[in-house]
Amino acid sequence: MSQPVHNPTSKATDENSRIETKNTTCYMCACRCGIRVTLRDGEVRYIQGNPDHPLNKGVICAKGASGIMKQYSPARLTKPLMRKAKSKRGDNEFEEISWDKAFSIMEERLASIRATDPKKFALFTGRDQMQAMTGLFAKQYGTPNYAAHGGFCSVNMAAGMIYTIGGSFWEFGGPDLDRSKLFIMIGTAEDHHSNPMKIELSKFKRQGGKFIAINPVRSGYAGIADEWIPIKPGTDGALFLALINEIIKQGLYDREFLVKYTNSAELVNMDESSSEHGMFVRFEVPKEEGCFDEQNKLWWDRDLNKPISMHTEGSDPYLLGEFKLDDGTPVKPAFQLLVDRVKDYTPEWASDITGIPVETIRRLAYEMGITARDEKIELPISWTDTWGKEHDHITGNPVAFHAMRGLAAHSNGFQTIRGMSILMSILGTIDRPGGFRHKAPFPRPIPPCAKTATSWDDVQPNTPLNGMPLGWPADPDDLFVDDDGDPIRLDKAFSWEHPLAVHGMMQNAITNAWRGDPYSIDTMMIFMSNMAWNSTMNTEEVRNMLNDKDEQGEYKIPFLI
């Protein structure tokens, strides 16, 4: 291994050294805190928080301060290493080579694959903080096999919220603790948004807000909470379903918000023999441009007792009930379907699963609902809603939530996050003061517009991939499958098996390549990632796969970068 280029004692007492400070952004996690880096004669000496930065306001964590080690760690590689001849993978026997030789090897190998069969090259990246660039490389190369760390980290949480309300916590939005009165944190560890969250929590507590922490262990956050509620790991979804049920039973949902800003009143086709069963009832409204209005759904008006175009001025729709259209089609408002779905998810049912006492679940639901309903806040801010109606003030239901991957790192994680999003929606806390607030450019369309390639025709030699390397499927036609419905990607993301894998399924990559399922590959590039850990948490078995050979004595994954 080469020696570090930095000598920590160099120029330590040289009074003639040139000192300068640079403002930049910390990339030691996805927090993106502002930092000030002090340099002496061009070498980084120490890192501080930037007091002028709006996010962290000068605060920096130990991980951020240790970012200097990215440049000067004694363990840092400064030249490419190539496995020595006749050594096997895992022997840790390498020799330094020049950058020119490394680039020459990669260029020759990757150019040959790109010209013949680009799917034989797979690129998987860890928490590199620059997936726009690595994704662009994969797209321009033409491989369908690109995935990122987020697929089994916080992006699985983001996917559930973005598919439900158009945005999520962390980079996409967060709790408005400046105005909130009740704050519920669930499934969150200290390394998630830590500096900004700690700053906001300190102000929230001083302003008299109530902080409830729900977590299997009493973390540092929970240590300052007004109430810590322990929960069995992976059971958060049951809690959300029971809270939704209780809030509805107690009549504490925000009917006005649900009617104006959700699809709760829109009618759903309940005819099981219809090809439109389970879909919103739509009607065609021609536009001048020759296309059709997207807002062409119905709700059932209480005064007229008949279906009417949603958001018709002066209309007042039902949220509950079942009705029949003129052609006999049975329909229900979407909110009625929610009521039907959660009616059996009682606090008693959830208590057996979560370990949280029945009375605590009922009290939580009541406290959330009463705070949202009876402690509303109002701001004198003019705004125009999505229907073009102008308002001279904004009201808010001051109940805020915050959650991270603790909710989503389970087999039921996606639906758990959707459950939390629905809970926030029925409380009326989406994009309102004191609740959840999106950050620009969110909220996005639901689902967002980016789509992956969809067929083998989109994967051609010496041609950029015809589609995004990662995306957000909206319907079956957006899946990346062949004519028989089989997956095209190595990790089987965006297939019928894993349809909503918005960052891919990199944890499947080595196992699938070793099995040759759905096919074998030639070269795998692992960028800023430890795939032995990222794949299965079973390092020994992954090492065995990487060392395994076929009947001809060749590695099943021939080349690793």
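Hydrogens, waters and symmetry mates are skipped; everything else that's a heavy atom, side chains included, is used.
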Using a strict cut-off of less than 4.0 Å between a Lys/Arg side-chain nitrogen and an Asp/Glu carboxylate oxygen, indicate whether [X] and [Y] qualify as a salt bridge.
{"X": "D550", "Y": "K556", "answer": "no"}
{"X": "E20", "Y": "R18", "answer": "yes"}
{"X": "K57", "Y": "D52", "answer": "no"}
{"X": "R40", "Y": "E43", "answer": "no"}

_Centroid-centroid under 6.0 Å between F124 and Y146 rings_ = no
*Would you please indicate yes or no on a ring centroid separation below 6.0 angstrom for Y221 and F211?*
no
I want to check a possible cation-pi pair here: [X] against [Y], using under 6.0 Å from ring centre and within 45° of the ring axis as the test.
{"X": "R418", "Y": "Y163", "value": "no"}
{"X": "R109", "Y": "F559", "value": "yes"}
{"X": "K439", "Y": "F172", "value": "no"}
{"X": "R32", "Y": "Y27", "value": "yes"}

*Please answer whether the main-chain N or O of P118 pairs with a side-chain N or O of Y141 as donor and acceptor at a distance below 3.5 Å.*
no
*Are N466 and D458 linked by a side-chain donor-acceptor pair shorter than 3.5 Å?*
yes
*Quick one: do the W228 and N215 side chains pair a donor with an acceptor below 3.5 Å?*
no
*When the ring planes of F204 and F183 are compared, do they come out parallel, tilted or perpendicular, using 30° and 60° as the limits?*
perpendicular
